[in-house]
Amino acid sequence: MPPMSKAYNPADHENRIWQKWTEADAFAADPGRVLDGDARPYCVLIPPPNVTAALHLGHALNGTIQDILVRAHRMMGYETLWMPGTDHAGIATQTMVDKRLQEQGKPGIADYKRKELDGGNGRDEFLAIVQEFKDDFEQRITNQFQKMGCSCDWKRQRFTMDDICARAVREAFFQLFKDGLIYRGKRLVNWDPVTQTALADDEVEMEEVNGHFYYLRYPLVKEIEGDPTIPVTWGELAARGYPDAENHPDDEQAWITVATTRPETYMGDTGVAVNPKDPRAGAVRGMHVMLPIVGRVIPIIEDDYVVLPVKYGGEEGDAKAEMSTGFLKVTPAHDPNDYMIGQRHDLEMINIMAPDASISDQHGWDREERGEDGHIFLGKSREEARKLVVKEFDARTVAEGSEGSLLEKMVPHRHSVGHSYRSHVPVEPYLSDQWYCKVTDDKLRGNAQRALLPEQRTEQSIKDWPESRPKMHTAGSNDGTMTFYPSRYAKTYEIWHDNLRDWCISRQLWWGHRIPVWNGSVIGPTEKVDRFESTMAAWWRQGKLTTQLTIDSSDPNPPLTNSGEPLIGQEIAVCVRDQDPEIIAFLEEYGFTQDPDVLDTWFSSALWPLSTMGWPDASAAKDSSNIADFESLLPAFNPTSVLCTAREIITLWVSRMTMFNRYFLGDEDHAGKAPFKDVFIHAMIQDGEGRKMSKTLGNGVDPLDIIDSHGSDAMRFTLCQMTTQTQDVRMPVELDESTGKNTSPKFDLGRNLCNKLWNASKFALGMFEKAELKAGIPISPEELSLVDRWMLSRVTEATNKVNTALRNYMFKDYADAIYDLFWRDFCDWYLESIKPTIADSPTQAAVLRNVIDAILRLIHPVMPFITETLFERFESLPIREIEGFNFETTQSSATLCQSGWPTPDDELRDEVAVEAYERVRSLVTAIREVRATNQVKPKRQITLHVNGPLEDDIARWSPLVETLAGVDTITADDPEGASSSFMFEGEEYQLSNLADALDAGAERDRLEKELASIEKNIKGIQGRLSNPGYVDKAPEHLVQQTRDQLAQLEKDHAATKAALDKLG
RNA sequence: GGGCGAGUAGCUCAGUUGGCUAGAGCGUUCGCCUUACACGCGAAAUGUCGUGGGUUCGAGUCCCUCCUCGCCUACCA
């Protein structure tokens, strides 16, 4: 092997080491060993990154965390699977590709849509382009993960739209459809008018905007003799007891005022609601209002949803009560709350917008037929329409000749409005046909909630919703097994389920899993209908399809029925289980067409724990992947060990995966196992100012840039070290002038550690050239020197610390534990201590060999490349065992990555050695301090004068003290000539020969400072001891400890005083 | 509005059931190319633990008030 370079250069090693792991097939998981009981399973599913973009630092953190866990458990002897993959990210990818095409001056999706409408093949052509884009990014992402050293089982890599995942989506949809948990409905959805698709609630971002409250007057009318437009006068209202009506001219037409932030929707109003408790409600009961300009007459209804204005009993301080007029315009087709009111009162739903959110009479508002006016608004955008409505209202009065405008007033108002996370325009509540998954069903929501560890449930939630209590005492129950780390996130998860609504799963996109439903109706000659019914029934019995109409299975020749209603002419939705060409051809022959929509991306993401493991048909998965053991994956590795993800994902993804895993792996109760035992939520990385890293801010850091400049291990260590239990961590971002790329000084920490590791190893190898290293009978720790026993003890303690940290997902603790062990203990003290002795001590050489081996193993999970590189250099050196200093047995030790984890016996913890060596360290530190304050040249060897209690100890410690403190003579004699004194364990000792002439002034300054510090401490401790409460109530050992401390300090004080006096 | 989190050294963060003189890394200052490492070694300085109360012998830690910031969630009357 070539000599080691002066500094560690990661680029020289990382690619070669990756190659080595690949050739050793070191990351391959063997489910067979789990099923045979030869090894315990450890499995992690990667949260599949979107194929929309290259990985960012958050992914690097996520990947580092998982790789640390996976590598550590692999070394601990678990059969370990880390499943890699990517996500197709429907809307993001589709819009990204469209944007790119347009930037390149090529036809965009609008052009392909036109082509498709014209009978061409626009959809498939566009999808081919997206596919290419996806292949490109999937490759880039894979490469990035591999550069980071992620030890995934790469041959098992999945993509949420590949054949195997598609089969899972198809089957899941079929089963949920069959079980009535997927339904279609005309509902208000979050509509993105730019991308023209529905969005799920979680795809909507709230943003504060400056808006107004507009107070609009609607004239009151009543019906007389078939004419519903007869004006109601104030006089009439006054007669019916309407408050304040008498303040208006008796014979003028009366009005009510509604408040709204969205006047442009008024054309879609189909009612005005008032609270029945409102004193005005009785007076207007049965009356109507006429919408200005459009002329529609709509009823006044009573609903206690309406908030009373403060004036009529509404709560002061309630924003709604303060702003409200008590009359609420109801626009069921354009507001979710109005939609519910509309349903309760059977109001019309009039959609006044086109899919691009412009005002239109072609999508539900049949203006002409109803004889409604309002053509002036047609074709206007939402924003234009708002202005126009306000302008028109402002220009008109309630009735000809009456005072005041229809626009009563405008009040500025700042409020949050939902925006599309993709196009960033305000989301429009829009009435359309969509598919829903009934996640609020107890079989889904309830099981997700019951999956949580009982200790992590809150009493309130269980009280509010008793069925969600985990059934822990029922035999075979899979409830209560999932644990969140940190535990506070369990609450977020719980609350999410408490407030869940049905999940809109259809998207008006092309890139995604097409909904496997064919729609149509059957009409025509009896034999045609009969043939349809019998054929469908046969397939239905074979489980190849299901329909939204039911089939009577008791009938030998069952027709499709819907509660006894005849089939003919009815709209039927047929869900075809597999992509069965025969069935599809048959349906198409009857004029059925496949639903054009695709499923929400999360539908396939939710199946990730199942689809990646071959569900529902592992043998088919085996055939299409050439992975021979596909059929063993699910039984061996589901439930997986832990899911590591960022908190923005908790609510939707963890929940949905839990629902689906339990649903599809359960028996009739659909309460199978949760997909993970643990869920670890890690921090999000922000820049130095606490902002999210983003492309638009230009504050993102590219992991590949850091790998180039600092190395993969350096990046990983730094990220690991930053991973505390808080929700955000900050990473100051700087522009590297030389490369023009963003970086952060934080990564120097990792780079420096790598370099230190490299050099310490180089040094150790140099020592092994001098010292004799050979195998032999195991060494008993008792034969070892103080410093060796101390080092072994420290490794043992550090190993325990590391194990505890990893078990609790405390990644910073892990980083700190290995950092302190390696740098502070091993480099600063152990290596320095053994310099004079190791060449002549084969046992010490053996200890060094063992210790460095253990350190490399403990560090490997976080810094795999450099540790593997160094392992190669140590590997061939003989190792002599130390009793109790053991390692886990693994299947192979061809690479460090596959080798065993340190399992040092607790016996190696040597309190005597630790205590003694700590005393040596304090003594050395005390001497060093004197040297530094007296500016003793580093090379100068000085004389230590020891008489008194330390004499016996110093005889044993002398080689250590001499080498560590730069002392060449230790004597019991008093110093001749100038000397400097220091305190150790309450006694005063002298150092001499510090310089050719000692500066008495500097010495006095130093001692005076020391004295002041001791006095301050004595005062504090005396204060505590003179407090009777403390002495009486505090635990005995603490009080004793404090007394000892005081005694020690008083000794120090006296010694320092004496030294000062001596100086004169 | 509701929930969660954060506020500790110039910066980034630890500080687990209350109990040594509140720690680490970076940065700063001083001295050093001391048989691996200047990406290093030795030493030093730096804190009203956001505010104000309370519980306690004792509070960075527990309780309450308020302030600042971040995130989630709800709200377009």
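A note on names: the letters A, B, ... follow the listed sequences, proteins ahead of strands, and every chain is numbered from 1. All figures in this text were calculated on a predicted structure; none of them were measured in a lab.
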Specify the separation, in whole Å, of atom CG of A:Leu923 and atom C1' of B:rG42. 16 Å

Mind checking which stems touch RNA chain B? I mean at least 3 consecutive Watson-Crick or G-U pairs, both distances under 3.5 Å. B:1-7 with B:67-73, B:10-13 with B:23-26, B:28-32 with B:40-44, B:52-54 with B:62-64

Would you say the base of B:rA24 and the side-chain of A:Gln721 have a donor-acceptor pair closer than 3.5 Å? no

Answer with base, sugar-phosphate or nothing: what part of the nucleic acid does A:Lys6 contact at a heavy-atom distance below 4.0 Å? sugar-phosphate

Between P of B:rC4 and CD1 of A:Ile495, the distance in whole Å: 7 Å

So, does the side chain of A:Lys491 form a donor-acceptor pair with the base of B:rC4 at under 3.5 Å? no

Looking just at side-chain N and O atoms, do A:Asp269 and A:Tyr218 make a donor-acceptor pair shorter than 3.5 Å? yes

Between the protein and nucleotides 68-72 of chain B, are there any N/O to N/O pairs under 3.5 Å, and if so, what are the atom names and distances?
unit_1, atom_1, unit_2, atom_2, d
B:rG70, N2, A:Gln727, NE2, 2.4
B:rG70, N3, A:Gln727, NE2, 3.3
B:rC71, O2', A:Arg647, NE, 3.3
B:rC71, O2', A:Arg647, NH2, 3.2

Between A:Asp335 and A:Pro429, the two heavy atoms sitting closest are N-CB, 4.2 Å

Would you indicate what A:Arg751 reaches in the nucleic acid, counting non-hydrogen atoms under 4.0 angstrom: base, sugar-phosphate, or nothing? base

For the side chain to side chain contact (heavy atoms under 4.5 Å, CB included) test, which of A:Val851, A:Ile855, A:Leu856 pairs with A:Phe822? A:Ile855

One character per nucleotide, please: for nucleotides 18-23 of chain B, 5' to 3', B when the base has a protein heavy atom closer than 4.0 Å, S when only the sugar-phosphate does, - otherwise. -BBB--

By nearest heavy atom, map A:Tyr819 and A:Trp758 onto RNA chain B; which one lands nearer the 5' end? A:Tyr819

